[in-house]
*Asks:* 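This structure is in structure tokens; I'll ask about it shortly.
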There are 2 protein chains.
Amino acid sequence: MNKKRGQQSIVFASPPVITSTANIVGPMEGDGILTEFYDRILKDNLDDNSSWEKCESSMMEWAIKTAIAKECSAIDDIDYVLAGDLLNQLMGTHFAVRNVGRPFLGMYGACSTLALSMIIGATLIDGGFASKLAAAVSSHHDTAERQYRFPTELGVQRPMISQWTVTGSGAMVISANGDGPRITAATAGKIVDIGLKDPNAMGPAMAPAAADTLWRHFNDTGRQPNYYDMIYTGDLGSVGKALVINLFKEKGIDLSTVYEDCGCMIFRKEQDAHAGASGCASSAVVFTGYIYQMLMRQKLRKILLVGTGSLHSTTSYQQKESIPCIAHAVAVEM
Amino acid sequence: MNKKRGQQSIVFASPPVITSTANIVGPMEGDGILTEFYDRILKDNLDDNSSWEKCESSMMEWAIKTAIAKECSAIDDIDYVLAGDLLNQLMGTHFAVRNVGRPFLGMYGACSTLALSMIIGATLIDGGFASKLAAAVSSHHDTAERQYRFPTELGVQRPMISQWTVTGSGAMVISANGDGPRITAATAGKIVDIGLKDPNAMGPAMAPAAADTLWRHFNDTGRQPNYYDMIYTGDLGSVGKALVINLFKEKGIDLSTVYEDCGCMIFRKEQDAHAGASGCASSAVVFTGYIYQMLMRQKLRKILLVGTGSLHSTTSYQQKESIPCIAHAVAVEM
């Protein structure tokens, strides 16, 4: 048993290896802080596709196939593809994975989907059900804006607390054997809903879910925050990040020295992304790029990635429901 | 290793047990063929909720909690809830699971979501990552119609090839130990898209995916169709079912004596559901009701459930894309 009774966390007996990663981003992301850590930067948000949604799909297909190629594996060596995105019925994912041709397990955790896929992927590998699989997510600023809020052509003003959905995709190959950082532990989150209803303010809605999963992770594993070189949440942005730090301060724990949010690492201040980046691709392009490279170069040795997801829909908002949120944590160590 | 290299199928070393099931349906389903196999039949499609979506959520919450209660477990004994539905951003699921309070893994396989959740659930149990978990799905005729097609108030005429989305939810508890039928093997499907584009004709679109997964399952496991007392696809309806039988006939295999589709088992002919039932709840209410009861009474000993999912969205249809489909197979034996 890899999970103790009454606990939320798994410690893997034979920690699966992340043997390769690949990512691709839009032009605004490419012009941001982490330029050197992206494999490909699109010249525009369509990339010669006939719709933004098809562009999103093509990004994910490219990321999955590139991650597999980097690892010198054949596509047929991939036992499963685990993937998801923010679009209704995972349109970004299904049309990407259709062109990969491997058994597919569809995941939905909103912007926590990469962490969710890594957790389930790691259990499939550690449990002996797969020797190699791909995990991937995507998001696209224009597909997300028109689905969740307003078509970007309208030019609707965004409040300062809002975040900018990342155009991009990140993919990885997780293997039973090989070189690279290993997924050593994971904590799947519960749905936390503190009653917030503003779909522009995702950071504050998700922060309590992130804090809850972090707290469970520390308690279950006996690890202190400083066990990790860095802890990264997915897309809380500057407002949500400050709230997580405050929630831990109330418990007498200073998280600030080892904690950053991927949503605060992507855009330069002058790019006017307001409270930061968001979307499935926020944690995905940072993890598969900067964080993975830092692990491979041994600049980081132990990190905790906490994917954060807001599980509302436009219908639930219209029906005046509050915003249920979730966070999934994955420990990755060299 | 529970999966042979190059194969799509898993054979479980310690087959997980389905220790309980629960289901709930709308009035039309309750008035159908399988009345005696439902735990609860709603008096109307709202059940005192303020929206159909909230009704769908409350059905899933009821099904999950009832399956757990039937098994005499406490909710805290459940390590994970694996669930999904057809609504944008899984609205049915998230607001149900919010009220269950256990770690949540979000699944999306359209109408194949129950089989997908059973496969991942069984790997979590057999791999030693959980000792007990809940799997659940829901669908609702009115939420699906207004999201995918037309609001039901419009009274738009439906073509004869269309199917009727089942209002209902089915849930089960899967455990490492206990009494009940066991999940002995599973085959996760690939996305199959033969280029059909009519969103009214889901059965023909999904039939090739079902046939592909069945074919892989037989080849991987060495089992013949008649290894099973019955093979059940999820929601191909009468048209899709005939196509699966024909696809196997072309290979020289007569599937017709051991094969039925859950979508053909729910409504009486006079209920005018056209080509049959569909939706996540189609396979779910049949499996958690009739099939599970037949297994418990040993009237059936070995069955194969093949969840079938159409992975399109309204956006992909509007963008003139064809319909990608998937099928996941789960062998359940007493």
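Note that the coordinates shown come from a computational prediction; the quantities given were computed from them, not determined experimentally. The figures that follow rest on heavy atoms only: side chains count, while hydrogens, waters and symmetry mates do not. Below, chains carry the letters A, B, ... as their sequence lines are ordered, and counting in each starts from 1.
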*Asks:* Apply side chain to side chain contact (heavy atoms under 4.5 Å, CB included) to residues A:Phe104 and B:His328 and explain how you reach the verdict.
*Replies:* CA-CA 9 Å; A:Phe104 168 62; B:His328 298 299; 5.7 Å; no
*Asks:* Which bit of A:His312 is near chain B, if near means a heavy-atom gap under 4.5 Å: side chain, backbone, both or neither?
*Replies:* backbone
*Asks:* So, for A:Arg98 and B:Ser322, which heavy atoms are closest and what is the spacing to 0.1 Å?
*Replies:* NH1-OG, 3.4 Å
*Asks:* Just wondering, more than 12 heavy atoms not from B:Asn177 lying within 6.0 Å of its CG?
*Replies:* no
*Asks:* Passes side chain to side chain contact (heavy atoms under 4.5 Å, CB included), A:Gln89 versus B:Gln89? Steps please.
*Replies:* CA-CA 8 Å; A:Gln89 290 74 52; B:Gln89 289 75 54; over 6 Å; no
*Asks:* Are a donor atom and an acceptor atom from the side chains of B:Thr315 and A:Glu53 found within less than 3.5 Å of each other?
*Replies:* no
*Asks:* Given a strict heavy-atom distance threshold of 4.5 Å, which part of A:Tyr148 is in contact with chain B: side chain, backbone, both, or neither?
*Replies:* side chain
*Asks:* Pick whichever of B:Thr123, B:Leu124, B:Asp193, B:Val192 has the most heavy-atom pairs under 4.5 Å with chain A.
*Replies:* B:Thr123
*Asks:* Is A:Ile120 in contact with chain B via its backbone, its side chain, both, or neither, using a 4.5 Å heavy-atom distance?
*Replies:* side chain
*Asks:* Which atoms of A:Met107 are under 4.5 Å from chain B, going by heavy atoms: the side chain, the backbone, both sets, or neither?
*Replies:* both
*Asks:* Below 4.5 Å, heavy-atom pairs only: which of A:Thr113, A:Thr143, A:Ile191 has the largest tally toward chain B?
*Replies:* A:Ile191
*Asks:* Is chain A contacted by the side chain of B:Ile326, its backbone, both, or neither, given a heavy-atom distance below 4.5 Å?
*Replies:* side chain
*Asks:* Does any backbone or side-chain atom of A:Thr213 lie under 4.5 Å from a heavy atom of chain B? Answer side chain, backbone, both or neither.
*Replies:* neither
*Asks:* Answer whether the closest heavy-atom distance between the side chains of A:Gln8 and B:Arg102 falls below 4.5 Å.
*Replies:* no
*Asks:* Identify the heavy atoms of A:Tyr80 and B:Ile10 that sit nearest to each other, and give their distance.
*Replies:* OH-CD1, 3.2 Å
*Asks:* Where on A:Leu116 is there a heavy atom nearer than 4.5 Å to chain B: the side chain, the backbone, both, or neither?
*Replies:* side chain
*Asks:* Is there side-chain contact between A:Phe95 and B:Gln319, with heavy atoms separated by less than 4.5 Å?
*Replies:* no
*Asks:* Pick from B:Val97, B:Asn99, B:Leu105: which one has the most heavy-atom pairs with chain A under 4.5 Å?
*Replies:* B:Leu105
*Asks:* Of the backbone (N, CA, C, O) and the side chain (C-beta and beyond), which part of B:Leu86 lies under 4.5 Å from a heavy atom of chain A, both, or neither?
*Replies:* backbone
*Asks:* Kindly give the heavy-atom pair with the smallest separation between A:Pro103 and B:Ala188, and that separation in Å.
*Replies:* CB-O, 3.7 Å
*Asks:* By a 4.5 Å heavy-atom criterion (distance strictly below it), what part of A:Ala110 contacts chain B: side chain, backbone, both, or neither?
*Replies:* neither
*Asks:* Can you tell which part of A:Asp126 gets under 4.5 Å to a heavy atom of chain B, answering side chain, backbone, both or neither?
*Replies:* both
